[in-house]
Amino acid sequence: SINVYNWGDYIADGSGGLMDVVKELERLTGAKVNYSNSESNENMYSKLVGGGVSYDVITPSDYMIERLIEEKLLLPLDYNNIPNFKYISDNCKNCYYDPDNIYTVGFNTGRTALIYNTKLVKETPDSWAVLWDEQHRDKVLMFNNSRDAFAIAQALLGQDLDTTSEQDWVDAAELLAKQKDAVNPVYVMDEGFNLMESGEYAVATYYAGDYELMVENNEDLAFCFPKEGVNEFWDAFCIPTCCQNKKGAEAF
């Protein structure tokens with residue numbers, strides 16, 4: 001068996017005429033894939049350091065990969081078992097978090113975006129500040145992960161996203177606290193996808209690539225890259241030290 005812990009909507013499941021990747025892997029290898037979805041990088045990290053889990057494949061984001069490598073929680077990969085690595089896009093290889101591709105196979109990259117419902121937001125927003133607008137109280141979906149949430153506050157404050165100033169982080173935290181008081185946001189990750197499609201919420205933070213899928217089910221949705229700037233991310237397949245089936249993980 002291969003235990004996979006991945007983000008939602010990241011692998012084709014047979015819908016829309018696409019291949020069911022997991023079932024095809026099972027057919028080719030005879031392995032049984034136990035597939036579950038990750039809620040956040042922080043939740044994934046807590047499970048790994050807490051013990052009691054035996055994931056063979058995980059898909060953390062760049063900043064979390066750095067931390068897992070530093071804490072020796074990832075296994076080096078045997079690329080003899082990963083021949084399809086040659087097909088990975090160059091912009092997902094030799095990334096800053098793993099410059100020699102020792103621990104990762106890049107899987108996805110993209111940018112954060114502001115997604116809004118044109119029926120509930122009459123203006124055309126161009127700033128993250130709309131997430132603090134009290135007219136949208138109880139209608140705001142906000143990132144439930146520290147990196148992307150803080151990046152938005154930092155962008156509004158004109159900070160370097162990698163600042164090492166303690167006061168900068170305090171200021172960003174205070175701005176996020178003000179947002180909670182002003183609009184009572186719902187903190188979400190993958191569940192924000194369906195909530196925005198439902199038409200119940202005015203504005204959301206999410207990822208630009210996912211907007212293309214959202215708008216297929218709700219034509220009232222639009223998006224923008226706010227003028228203050230956005231966070232770019234990379235996600236990659238890794239094998240944690242709790243792995244029980246390394247060859248199976250590399251086959252996946």
Side-chain angles (χ1 to χ4, degrees), residues 1-14 18-111 145-148 162 189-190 207 209-210 231-252:
S1 63
I2 307 169
N3 298 322
V4 179
Y5 195 48
N6 196 8
W7 300 106
D9 297 314
Y10 252 28
I11 287 184
D13 60 4
L18 299 173
M19 177 192 294
D20 187 324
V21 174
V22 168
K23 285 188 175 180
E24 183 65 9
L25 181 83
E26 291 177 330
R27 184 186 72 80
L28 289 169
T29 65
K32 167 64 178 172
V33 177
N34 302 311
Y35 193 90
S36 57
N37 291 144
S38 172
E39 298 171 20
S40 69
N41 283 291
E42 288 68 31
N43 183 268
M44 176 192 299
Y45 175 80
S46 295
K47 288 187 175 183
L48 292 176
V49 298
V53 296
S54 57
Y55 296 123
D56 300 308
V57 179
I58 57 175
T59 320
S61 301
D62 39 47
Y63 71 96
M64 186 55 68
I65 293 170
E66 280 192 303
R67 183 172 187 175
L68 295 175
I69 292 173
E70 182 179 326
E71 297 183 12
K72 301 186 183 334
L73 292 172
L74 298 181
L75 295 176
L77 303 179
D78 182 351
Y79 282 96
N80 291 320
N81 297 327
I82 315 173
N84 286 335
F85 181 71
K86 63 186 177 184
Y87 298 119
I88 298 296
S89 299
D90 287 341
N91 68 332
C92 288
K93 292 179 179 177
N94 306 108
C95 295
Y96 74 91
Y97 51 83
D98 185 18
D100 296 317
N101 298 311
I102 295 173
Y103 301 98
T104 60
V105 173
F107 182 63
N108 193 19
T109 182
R111 296 177 181 179
N145 81 71
S146 56
R147 179 60 169 170
D148 289 328
D162 293 317
M189 287 304 295
D190 288 340
Y207 304 103
D210 294 283
N231 189 28
E232 191 169 18
F233 71 90
W234 286 265
D235 293 338
F237 287 129
C238 307
I239 300 179
T241 52
C242 61
C243 171
Q244 299 295 307
N245 182 0
K246 188 167 185 285
K247 282 191 175 180
E250 288 166 341
F252 186 91

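FYI, the numbering just counts along the sequence from 1. Because only heavy atoms are used, hydrogens play no part in the values below, and waters and symmetry mates are left out as well, while side chains stay in.
Summarising the geometry, atom CD belonging to Glu66 is positioned 10.0 Å from atom CG belonging to Asp98; distances are rounded to the nearest 0.5 Å. From Tyr63, atom OH reaches atom CG of Leu68 across 10.0 Å, with rounding to the nearest 0.5 Å. Here Phe252 contributes atom CZ and Ile82 contributes atom CD1; the two are 12.0 Å apart, rounded to the nearest 0.5 Å. Rounded to the nearest 0.5 Å, atoms CH2 (Trp7) and CE (Met44) are 5.5 Å apart.
Residues Asn91 and Thr109 meet the side-chain proximity criterion, which asks for heavy atoms closer than 4.5 Å. You'll find the side chain of Asn6 stays beyond 4.5 Å of the side chain of Val57, heavy atoms only. Contact annotation: the side chain of Trp234 never approaches that of Thr104 to less than 4.5 Å [non-hydrogen atoms, C-beta and beyond]. Residues Leu73 and Val49 have side chains in contact (heavy-atom distance under 4.5 Å, counting atoms from C-beta outward). Contact annotation: the side chain of Tyr35 approaches that of Ile11 to within less than 4.5 Å [non-hydrogen atoms, C-beta and beyond]. Arg111 has its side chain out of reach of Asn231: every pair of non-hydrogen atoms, C-beta onward, lies at least 4.5 Å apart. At a threshold of 4.5 Å between non-hydrogen side-chain atoms, the residues Val4 and Asn34 do not count as touching. The side-chain heavy atoms of Ile58 and Leu48, taken from C-beta on, include a pair separated by under 4.5 Å.
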*Stepwise, does the side-chain contact (heavy atoms from CB on, under 4.5 Å) test hold for Tyr103 with Ile239?*
CA-CA 7 Å; Tyr103 301 98; Ile239 300 179; over 6 Å; no
*Can you check salt bridge (charged side-chain N to carboxylate O under 4.0 Å, His left out) on Lys23 and Glu26, steps first, answer last?*
CA-CA 5 Å; Lys23 285 188 175 180; Glu26 291 177 330; over 6 Å; no
*Check the pair Cys238 / Ile65 against side-chain contact (heavy atoms from CB on, under 4.5 Å), numbers first and verdict last.*
CA-CA 8 Å; Cys238 307; Ile65 293 170; 4.2 Å; yes
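Across Tyr10 and Phe107, no two heavy atoms sit closer than the pair O-CZ, 3.2 Å. Residues Ala251 and Leu25 approach most closely at O-CD1, 3.9 Å, considering heavy atoms. Shown here for Ile69 and Leu74, the closest heavy-atom pair between the two residues is CG1-CD1, 3.8 Å. Nearest heavy-atom pair, Ala31 versus Ile2, reported as atom, atom and distance to 0.1 Å: CB-CD1, 3.9 Å. In this structure, Asp190 and Ser38 approach most closely via the heavy-atom pair OD2-O, 4.0 Å. The two residues Cys243 and Asp56 make their nearest non-hydrogen contact at SG-OD1, 3.3 Å.
In this structure, a donor-acceptor pair under 3.5 Å is absent between the side chains of Asp235 and Asn108. Side-chain N/O atoms of Asn145 and Asn41 include no donor and acceptor closer than 3.5 Å.
Proximity of a side-chain donor or acceptor of Asn3 to a complementary backbone N or O of Ser54 within less than 3.5 Å is detected. Asn81 places no side-chain N or O within donor-acceptor distance of the main-chain N or O of Lys247, the cut-off being under 3.5 Å. For the pair Ser61 (side chain) and Met64 (backbone), a donor-acceptor distance under 3.5 Å is absent. A donor-acceptor distance shorter than 3.5 angstrom exists from the side chain of Glu250 to the backbone of Asp78, with no hydrogens or angles considered. Judged by distance alone, the side chain of Glu39 and the main-chain N or O of Asn37 form no donor-acceptor pair under 3.5 Å.
For an aromatic pair to be called close, the ring centres must be under 6.0 Å apart, and Tyr207 with Phe233 satisfies this.
The cationic atom of Lys93 (NZ for Lys, CZ for Arg) lies less than 6.0 Å from the six-membered ring centre of Phe85 and within 45° of the ring axis.
By the 30° and 60° cut-offs, the orientation of the rings of Tyr55 relative to Tyr5 is parallel.
The pair Arg147-Asp162 counts as a salt bridge, with a side-chain nitrogen and a carboxylate oxygen less than 4.0 angstrom apart.
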